[in-house]
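Remarks on the structure that follows.
It should be emphasised that the depicted structure is a prediction, and the values quoted were computed from it without experimental measurement.
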Amino acid sequence: MNDDEEIYSRIIHSTDDFQIRLTINRFRGVEYLHLRKYFMDFSEEWLPSKDGVAMPLDLSNSQELFIGLVEILSLAESKEVIRLHFKELLEELYQ
């Protein structure tokens, strides 16, 4: 596999103006995970911007990212359960 070759890419969010992509590539023999903003150039090709973050793709970084996403999803699910079961009470409290 060549350096700078994209190994993985997934569009996480997209609008007409930009995309947020999760990608993995290799640079100087090290695999990196990127969460980066892409923009469309004049030839209608999506190109990465400097806006974003890159980190070495290793077990520690991957594990911490996974833990963070699981916590966010758990909180979102908990909020929905609370809204569903306590809807009337919440409406009374916040009126």
Mind listing the side-chain donor-acceptor pairs of residues 34-45 below 3.5 Å, one per line with the distance, residues two or more places apart or on another chain?
| residue | atom | partner | partner atom | Å |
| --- | --- | --- | --- | --- |
| His34 | NE2 | Asn25 | OD1 | 2.8 |
| Arg36 | NH1 | Ser49 | O | 3.3 |
| Arg36 | NH1 | Lys50 | O | 3.3 |
| Asp41 | OD1 | Ser43 | N | 3.1 |
| Asp41 | OD1 | Ser43 | OG | 3.0 |
| Asp41 | OD1 | Glu44 | N | 3.1 |
| Asp41 | OD1 | Glu45 | N | 2.8 |
| Asp41 | OD2 | Ser43 | OG | 3.1 |

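- Cluster annotation: Trp46 and Ile11 are assigned to distinct hydrophobic clusters (Ile/Leu/Val/Met/Phe/Trp/Tyr, side-chain heavy-atom contacts under 4.5 Å, transitive).
- With sequence neighbours left out, the side chain to side chain contact (heavy atoms under 4.5 Å, CB included) criterion links Thr15 to His13, Asp17, Phe18.
- Hydrophobic clustering (side-chain heavy atoms under 4.5 Å, transitive across Ile, Leu, Val, Met, Phe, Trp, Tyr) groups Leu69 together with Leu57.
- By the rule that hydrophobic residues join a cluster once side-chain heavy atoms approach within less than 4.5 Å of another member, Phe27 and Val30 end up as members of one cluster.
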Run the side-chain donor-acceptor check on residues 59-67: report pairs under 3.5 Å with partners two or more places apart or on a different chain.
| residue | atom | partner | partner atom | Å |
| --- | --- | --- | --- | --- |
| Asn61 | ND2 | Pro56 | O | 2.7 |
| Asn61 | ND2 | Asp58 | OD1 | 3.4 |
| Ser62 | OG | Asp58 | O | 2.9 |

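- Of the inter-residue distances, the one linking Ile20 atom CD1 with Ile12 atom CD1 reads 9.0 Å to the nearest 0.5 angstrom.
- A pairwise comparison of heavy atoms in Leu33 and Ile24 identifies CA-CG1, 4.4 Å as the closest pair.
- Val53 and Ile7 end up in the same hydrophobic cluster when Ile, Leu, Val, Met, Phe, Trp and Tyr side chains are linked at under 4.5 Å.
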